[in-house]
Amino acid sequence: MGCAGSTPAKGDGNVKKIRKPKPWKHPQPITKSQLVQMREEFWDTAPHYGGRKEIWDALRAVAEADLTLAQAIVDSAGVIVQSADLTVCYDERGAKYELPKYVLSEPTNLIRES
(Lines give C-alpha, C1' and ligand atoms only; values in the text may rest on other atoms or scores of the structure.)
Protein backbone atom coordinates (compact mmCIF):
# COMPACT_ATOMS: atom_id res chain seq x y z
CA MET A 1 0.00 0.00 0.00
CA GLY A 2 1.45 3.34 -1.05
CA CYS A 3 1.39 6.75 0.47
CA ALA A 4 -1.70 8.78 -0.44
CA GLY A 5 0.47 11.55 -1.91
CA SER A 6 2.86 9.38 -3.91
CA THR A 7 3.09 9.52 -7.68
CA PRO A 8 4.82 7.32 -10.23
CA ALA A 9 8.56 8.00 -10.32
CA LYS A 10 8.64 8.70 -14.06
CA GLY A 11 5.92 11.34 -13.85
CA ASP A 12 7.87 14.14 -12.16
CA GLY A 13 5.51 17.06 -12.66
CA ASN A 14 7.95 19.57 -11.16
CA VAL A 15 10.17 19.73 -14.25
CA LYS A 16 9.68 23.09 -15.94
CA LYS A 17 10.69 23.65 -19.52
CA ILE A 18 13.00 26.61 -19.61
CA ARG A 19 12.80 29.51 -22.05
CA LYS A 20 14.66 32.70 -22.81
CA PRO A 21 13.49 35.76 -20.87
CA LYS A 22 10.98 38.08 -22.51
CA PRO A 23 12.55 41.02 -24.37
CA TRP A 24 13.73 43.66 -21.91
CA LYS A 25 15.30 47.10 -22.01
CA HIS A 26 18.29 48.29 -19.98
CA PRO A 27 17.75 51.70 -18.27
CA GLN A 28 20.29 53.22 -20.67
CA PRO A 29 21.63 51.77 -23.94
CA ILE A 30 24.78 49.70 -23.38
CA THR A 31 27.40 48.16 -25.64
CA LYS A 32 28.15 44.46 -25.95
CA SER A 33 31.44 44.93 -24.07
CA GLN A 34 29.61 46.68 -21.20
CA LEU A 35 27.12 43.78 -21.10
CA VAL A 36 29.97 41.24 -21.00
CA GLN A 37 31.60 43.18 -18.14
CA MET A 38 28.32 43.26 -16.17
CA ARG A 39 27.95 39.49 -16.66
CA GLU A 40 31.54 38.80 -15.54
CA GLU A 41 31.04 40.92 -12.41
CA PHE A 42 27.81 39.07 -11.58
CA TRP A 43 29.31 35.59 -12.00
CA ASP A 44 32.43 36.59 -9.99
CA THR A 45 30.36 37.79 -7.03
CA ALA A 46 27.25 35.55 -7.14
CA PRO A 47 28.66 32.64 -5.05
CA HIS A 48 29.40 35.06 -2.20
CA TYR A 49 25.66 35.66 -1.71
CA GLY A 50 24.92 32.07 -0.77
CA GLY A 51 24.15 28.78 -2.41
CA ARG A 52 26.60 26.20 -3.70
CA LYS A 53 29.40 27.01 -6.12
CA GLU A 54 28.57 23.93 -8.23
CA ILE A 55 25.03 25.24 -8.76
CA TRP A 56 26.29 28.73 -9.65
CA ASP A 57 28.69 27.11 -12.15
CA ALA A 58 25.84 25.06 -13.63
CA LEU A 59 23.62 28.16 -13.87
CA ARG A 60 26.41 30.04 -15.68
CA ALA A 61 26.72 27.16 -18.15
CA VAL A 62 22.93 27.24 -18.59
CA ALA A 63 22.94 31.00 -19.22
CA GLU A 64 25.62 30.62 -21.91
CA ALA A 65 24.12 27.54 -23.64
CA ASP A 66 21.35 27.06 -26.19
CA LEU A 67 17.97 26.01 -24.77
CA THR A 68 18.32 22.26 -25.44
CA LEU A 69 21.70 22.01 -23.71
CA ALA A 70 20.53 24.40 -20.98
CA GLN A 71 17.55 22.13 -20.20
CA ALA A 72 19.86 19.12 -19.97
CA ILE A 73 22.21 20.96 -17.58
CA VAL A 74 19.31 22.09 -15.37
CA ASP A 75 17.92 18.54 -15.24
CA SER A 76 21.26 16.88 -14.45
CA ALA A 77 22.40 19.47 -11.87
CA GLY A 78 19.22 19.10 -9.82
CA VAL A 79 18.24 22.74 -10.29
CA ILE A 80 14.60 23.45 -9.45
CA VAL A 81 13.31 26.10 -11.85
CA GLN A 82 10.78 28.45 -10.24
CA SER A 83 10.50 30.82 -13.22
CA ALA A 84 10.72 29.29 -16.70
CA ASP A 85 13.00 32.17 -17.77
CA LEU A 86 15.51 31.05 -15.06
CA THR A 87 15.39 34.31 -13.10
CA VAL A 88 14.50 32.35 -9.92
CA CYS A 89 15.84 28.84 -9.22
CA TYR A 90 16.49 26.65 -6.18
CA ASP A 91 18.84 23.79 -5.46
CA GLU A 92 17.78 20.51 -3.85
CA ARG A 93 18.57 21.93 -0.39
CA GLY A 94 16.23 24.87 -0.89
CA ALA A 95 18.86 27.59 -1.48
CA LYS A 96 17.54 30.34 -3.75
CA TYR A 97 19.41 31.54 -6.85
CA GLU A 98 18.28 34.74 -8.54
CA LEU A 99 19.62 35.57 -11.99
CA PRO A 100 19.34 39.04 -13.51
CA LYS A 101 18.00 39.15 -17.07
CA TYR A 102 21.28 40.60 -18.36
CA VAL A 103 23.08 37.29 -17.77
CA LEU A 104 20.33 35.39 -19.61
CA SER A 105 19.73 37.53 -22.70
CA GLU A 106 20.65 40.77 -24.42
CA PRO A 107 18.60 43.95 -23.93
CA THR A 108 16.59 45.32 -26.84
CA ASN A 109 18.57 48.58 -26.66
CA LEU A 110 22.02 46.98 -27.00
CA ILE A 111 24.40 49.21 -28.97
CA ARG A 112 25.98 47.21 -31.78
CA GLU A 113 29.71 47.93 -31.91
CA SER A 114 31.42 47.97 -35.30
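Residue numbers count from 1 along this sequence.
Under a hydrophobic clustering in which Ile, Leu, Val, Met, Phe, Trp and Tyr are joined whenever their side-chain heavy atoms come within less than 4.5 Å, directly or via other members, Trp43 and Val36 fall into different clusters. Under the 4.5 Å side-chain heavy-atom criterion for grouping Ile, Leu, Val, Met, Phe, Trp and Tyr, Leu86 is connected to Leu67 within one hydrophobic cluster.
Of all the heavy atoms in Pro21 and Leu104, the pair that sits closest is CG-CB, 3.6 Å. Nearest heavy atoms, Trp24 versus Glu106: NE1-O, 3.5 Å. Scanning both residues, Lys32 and Leu110, for their nearest heavy atoms gives N-CD1, 3.7 Å. Shown here for Gln71 and Ile18, the closest heavy-atom pair between the two residues is OE1-N, 2.9 Å. In terms of heavy atoms, Pro29 sits closest to Gln34 at O-OE1, 4.5 Å. Across all non-hydrogen atoms, the minimal contact from Ala58 to Ile73 is O-CG2, 3.7 Å.
Counting only residues at least two apart or in different chains, ring-ring contact (aromatic ring centres under 6.0 Å, His included) contacts with residues 61-86 are absent. Within the structure, ring-ring contact (aromatic ring centres under 6.0 Å, His included) contacts touching residues 64-92 (residues at least two apart or in different chains) do not occur.
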### Message
Evaluate Arg93 against Arg52 for side-chain contact (heavy atoms from CB on, under 4.5 Å), listing each step before the verdict.
### Response
CA-CA 10 Å; Arg93 296 180 181 169; Arg52 298 184 358 236; 3.3 Å; yes
### Task
Kindly indicate, with the supporting measurements, whether the criterion side-chain contact (heavy atoms from CB on, under 4.5 Å) is fulfilled by Arg60 and Arg39.
CA-CA 10 Å; Arg60 182 174 188 167; Arg39 288 175 174 175; over 6 Å; no
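Between Lys96 atom NZ and Tyr49 atom OH the span is 15.5 Å, to the nearest 0.5 Å. Here Glu40 contributes atom CD and Leu35 contributes atom CG; the two are 10.5 Å apart, rounded to the nearest 0.5 Å. Distance check, rounded to the nearest 0.5 Å: CD1 of Ile55 to CD of Glu92 gives 7.0 Å.
Remark: the backbone N or O of Asp44 is not paired with any side-chain donor or acceptor of Trp56 at under 3.5 angstrom. In terms of modelled atom types and a separation under 3.5 Å, the side chain of Asn109 and the main chain of Lys25 share no donor-acceptor contact.
Using a 4.5 Å heavy-atom cutoff, the side chains of Ile30 and Ile111 are not in contact. Under the 4.5 Å side-chain criterion, counting only non-hydrogen atoms from C-beta, Leu99 is not in contact with Val62. A heavy-atom distance below 4.5 Å is found between the side chains of Pro100 and Val103.
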